[in-house]
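Reading through the structure tokens given below for one structure.
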Amino acid sequence: MKRVASVILHKARKKRLEQGHPWIYNNEIERVEGDPQPGSLVRIMDHRQRFLATGYYNPASQITVRAVSYLELEEMDTAFFERRFRECLLHRNRFVADDAYRLVYGEADFLPGLIVDRFGEVLVVQILTLGMDRCRDSIVEALVSVMNPAGIYERSDVPVREMEGLEQVKGPIYGHPPRFVTVKENGLLISVDIEQGQKTGYFFDQRENRASTAPLMTGWGAKSGIELQEIPNEDGSVRTAPVNRNGKEVTFPYWDGATVLECFSHTGSFTLHACKYGAKKVTCLDISEHAIESARQNVELNGFEDRVEFVVADAFEYLRSQVKGLNERSLRAAGSVKADTSVPMTAGGGRTWDVVILDPPAFAKTRGAVKGACRGYKDINLHGMKLVNEGGYLVTASCSYHMRPDLFLETIQEAAADAGKILRLVEWRAAGKDHPQILGVDEGHYLKFAIFEVRSKQF
């Protein structure tokens with residue numbers, strides 16, 4: 001039997017480990033017995049020398065030990081990873097119908113420091129810690145044994161590795177994975193760039209949230225004066241068809257659909273779902289030309305190009321310009337002395353939409369960034385809700401862990417007050433079922449997703 005060193009914890013520490021949290025910080029350790037090598041396994045003991053868990057050790061990291069088992073464990077070998085991967089696969093097969101999902105979600109799958117995303121027959125691996133990096137060969141062998149992939153690509157090109165004393169790396173580590181893979185999500189085809197796309201190439205955590213937007217995408221025809229009526233046929237029979245205010249039949253098949261704005265579109269995933277569920281017209285916006293090109297390819301892949309327009313722009317500036325244009329149009333329409341109608345409008349835009357979707361990247365990656373993040377979230381939500389047609393919907397999300405749910409809602413409420421809007425919360429969600437959350441591990445509760453009905457104070 002291998003001799004495993006021990007880490008003895010302080011008596012006065014918070015009992016987070018006993019509550020399911022796998023991280024042991026440096027200041028929670030009273031002493032280390034033995035001579036553990038960085039990345040090796042250690043026994044985690046309380047101050048009474050009672051065994052609590054087995055974890056891997058890195059004295060160079062603020063998170064000095066990460067628990068991987070609540071049993072005695074000599075090594076994380078191929079057999080260990082095979083057992084864990086089979087458990088991960090069982091969970092995903094139970095809850096996810098597609099063959100594209102997050103297969104391994106770090107701490108939530110009892111494998112801290114390891115992320116594995118499945119894209120059909122291709123796997124993308126992200127190894128974040130020294131303890132997992134030392135097990136690289138066993139991880140690959142176990143994935144091949146359990147998943148039988150055509151290829152495995154590594155995307156460990158993230159700065160957090162440097163905090164573990166590791167270099168950023170990326171590239172194929174098994175087989176010949178292609179750069180682009182096409183997968184299905186909720187019946188939609190999505191092309192993923194596993195080499196150059198953000199993170200591992202695609203964000204699976206919003207799968208169920210994207211599907212939850214379905215009820216928002218139809219039921220708008222009446223606001224445009226279009227109603228279903230019975231129309232006589234030449235043979236004397238009647239048929240039901242949409243008719244506009246002028247009594248003319250509407251032949252556009254998506255006459256009842258919403259107009260939608262998706263900001264921070266990345267691969268255009270919300271745009272695709274909006275089109276699938278019946279949207280009339282979608283504006284797909286991202287600051288990255290690469291992202292918009294990815295979204296364009298996905299739109300064409302699903303045959304939605306006749307209903308989508310693409311905009312490469314900064315979302316903050318775009319929203320502000322639309323609100324500015326809207327305000328100027330309102331002044332002109334009201335005949336305000338502030339508006340000189342003899343000259344062209346100074347502001348562009350002035351458009352509004354039935355549904356505005358805001359899915360920004362994390363604004364607060366550290367606790368110290370929360371104040372600035374609140375300003376950012378308030379800004380985009382304030383301007384976003386101003387551009388929602390009366391009775392329309394604001395779909396908004398935050399993936400910043402440090403932006404706690406109550407603070408996120410409080411920030412949106414402040415934005416609504418400043419905008420003169422009343423919001424009705426109709427949906428509140430978190431990450432999908434392939435991103436399980438362990439109670440006691442607050443860091444896993446990062447994603448907040450909400451759908452609000454937006455009303456003015458005119459009722």
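Heavy atoms only: backbone and side chains are in, while hydrogens, waters and symmetry mates are out. What you are looking at is a predicted structure, and each value in this text was computed from that prediction instead of being measured.
Taking the charged nitrogens against the carboxylate oxygens, K15 and D46 have no contact shorter than 4.0 Å, which rules out a salt bridge. Between K223 and E390 there is no salt bridge, since none of the side-chain N atoms of the basic residue sits less than 4.0 Å from a carboxylate O of the acidic one. Salt bridge status for E82 with R84: absent, with no side-chain N to carboxylate O gap under 4.0 Å. Comment: R92 does not engage D98 in a salt bridge, judged by the lack of any side-chain N to carboxylate O separation of less than 4.0 angstrom. With respect to the salt-bridge test (charged N to carboxylate O, under 4.0 angstrom), the residues R351 and E309 qualify. Ion pairing of D193 with R179 is present here, as a side-chain N (NZ or NE/NH1/NH2) and a carboxylate O approach within less than 4.0 Å. Comment: E18 engages R13 in a salt bridge, judged by a side-chain N to carboxylate O separation of less than 4.0 angstrom. The pair E28-R16 counts as a salt bridge, with a side-chain nitrogen and a carboxylate oxygen less than 4.0 angstrom apart. Between R296 and E293 there is a salt bridge, with a side-chain nitrogen of the basic residue lying less than 4.0 Å from a carboxylate oxygen of the acidic one. Between E195 and K170, none of the side-chain N atoms (NZ, or NE/NH1/NH2) sits under 4.0 Å from a carboxylate O, so this pair counts as no salt bridge.
Side chain of S288 to backbone of A291: a donor-acceptor contact under 3.5 angstrom is found. The backbone N or O of P36 lies less than 3.5 Å from no partner atom in the side chain of S40, so there is not a single donor-acceptor pair. With R118 contributing its side chain and V104 its backbone, the two residues share no donor-acceptor pair below 3.5 Å. In this structure a side-chain-to-backbone donor-acceptor pair under 3.5 Å is present from E262 to T271. Looking at H290, its side chain never comes within 3.5 Å of a backbone N or O of H266 through a donor-acceptor pair. At distances below 3.5 Å, at least one donor-acceptor pair connects side-chain atoms of K448 with backbone N or O atoms of M403.
Counting only N and O atoms by type, the side chains of E154 and Q126 include no donor and acceptor under 3.5 Å apart. Inspection of the S269 and R210 side chains reveals an N or O donor paired with an N or O acceptor under 3.5 Å. If you check the side chains of T396 and N381, you find a donor sitting under 3.5 Å from an acceptor. The closest side-chain donor-acceptor pair between H445 and Q437 falls under 3.5 angstrom. No side-chain donor-acceptor contact under 3.5 Å links Y446 and S398. Between the side chains of T352 and N389, at least one donor N or O sits under 3.5 Å from an acceptor N or O. Between the side chains of Y101 and E185, no donor N or O sits under 3.5 Å from an acceptor N or O. Between D256 and T218, the side chains place no donor N or O within less than 3.5 Å of an acceptor N or O (distance only, hydrogens not considered). Judged by distance alone, the side chains of H21 and E443 do bring a donor and an acceptor atom under 3.5 Å apart.
Annotation: side chain of L409 is in contact with side chain of W428 (closest heavy-atom distance under 4.5 Å). Counting only heavy atoms from C-beta outward, the side chains of Y202 and I190 approach each other to under 4.5 Å. In this structure the side chain of M76 reaches within 4.5 angstrom of the side chain of L41, judged on heavy atoms.
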Set out, in order, the CA-CA distance, both residues' side-chain angles and the distance that settles side chain to side chain donor-acceptor pair (under 3.5 Å) for D354 and T259, then state yes or no. CA-CA 5 Å; D354 298 319; T259 56; 3.2 Å; yes

Determine, step by step, whether T129 and M132 satisfy the side chain to side chain contact (heavy atoms under 4.5 Å, CB included) criterion, reporting the C-alpha distance in whole Å, the side-chain angles of both residues, the deciding distance to 0.1 Å, and the verdict. CA-CA 5 Å; T129 58; M132 283 296 168; 3.6 Å; yes

Between K276 and N186, does a side chain to side chain contact (heavy atoms under 4.5 Å, CB included) hold up when you go through it step by step? CA-CA 10 Å; K276 175 186 176 179; N186 299 324; 4.2 Å; yes

Derivation and outcome, side chain to side chain contact (heavy atoms under 4.5 Å, CB included), residues D434 and Y105: CA-CA 8 Å; D434 57 346; Y105 182 38; over 6 Å; no

Step by step, would you call L128 with L114 a side chain to side chain contact (heavy atoms under 4.5 Å, CB included)? CA-CA 6 Å; L128 304 174; L114 179 64; over 6 Å; no

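Across P149 and I152, no two heavy atoms sit closer than the pair CG-CG1, 3.8 Å. When all heavy atoms are compared, the tightest approach of R134 to Q37 is NH1-CB, 3.9 Å. Between G39 and L130 the shortest heavy-atom distance is N-CD2, 3.7 Å. Residues L425 and A450 approach most closely at CD1-CB, 3.9 Å, considering heavy atoms. Nearest heavy-atom pair, N209 versus A430, reported as atom, atom and distance to 0.1 Å: ND2-O, 3.1 Å.
The local environment of CG in N148 is sparse, with at most 12 non-hydrogen atoms from other residues, nucleotides or ligands closer than 6.0 Å. The neighbour count for M163 CE, taken as heavy atoms of other residues, nucleotides or ligands under 6.0 Å away, does not exceed 12. By the 6.0 Å contact criterion, CD on E289 is open, its count of non-hydrogen atoms from other residues, nucleotides or ligands being 12 or less. Shown here is K199, whose NZ atom has no more than 12 heavy atoms of other residues, nucleotides or ligands within 6.0 Å. No more than 12 heavy atoms of other residues, nucleotides or ligands lie within 6.0 Å of CZ in R424, so this atom counts as exposed by the packing criterion.
Atom-to-atom distance recorded for S61:OG and E164:CD is 4.0 Å, nearest 0.5 angstrom. Atom OH of Y57 is separated from atom CZ of R66 by 14.0 Å, given to the nearest 0.5 angstrom. Separating the CD1 atom in I287 from the CD atom in E317 is a distance of 7.5 Å, to the nearest 0.5 Å. Remark: N93 CG to R86 CZ distance equals 13.0 Å, nearest 0.5 Å. Taken to the nearest 0.5 Å, the CG atom of D133 stands 5.5 Å off from the CD1 atom of I127. Here the SG-OH distance, from C135 to Y56, works out to 8.5 Å after rounding to the nearest 0.5 Å.
In this pair, H273 and Y277 present their aromatic rings tilted. The plane angle is within the 30 to 60° band. The aromatic rings of F363 and F316 lie tilted to each other, with the angle between the two planes from 30° to 60°. Taking the six-membered ring where the residue is Trp, Y25 and W23 present perpendicular rings, their angle passing 60° and hence far from 30°. Aromatic ring pairs are classed by plane angle as parallel below 30°, tilted from 30° to 60° and perpendicular above 60°; the pair W220 and Y393 is perpendicular.
Remark: R43 fails to qualify as a cation-pi partner of F51 under the 6.0 Å distance and 45° angle criteria applied to the six-membered ring.
Shown here are the salt bridge (charged side-chain N to carboxylate O under 4.0 Å, His left out) partners of R102, two or more places apart in sequence or in another chain: D117.
Considering I194, V116, V181 as possible partners of V124, the one that fulfils the side chain to side chain contact (heavy atoms under 4.5 Å, CB included) test is I194. Partner of V260 under the side chain to side chain contact (heavy atoms under 4.5 Å, CB included) criterion, chosen from K280, R307, M217: M217. Partner F119 forms a ring pair (Phe, Tyr, Trp, His ring centres under 6.0 Å) with one of Y153, F180, F204 and no other, that one being F204.
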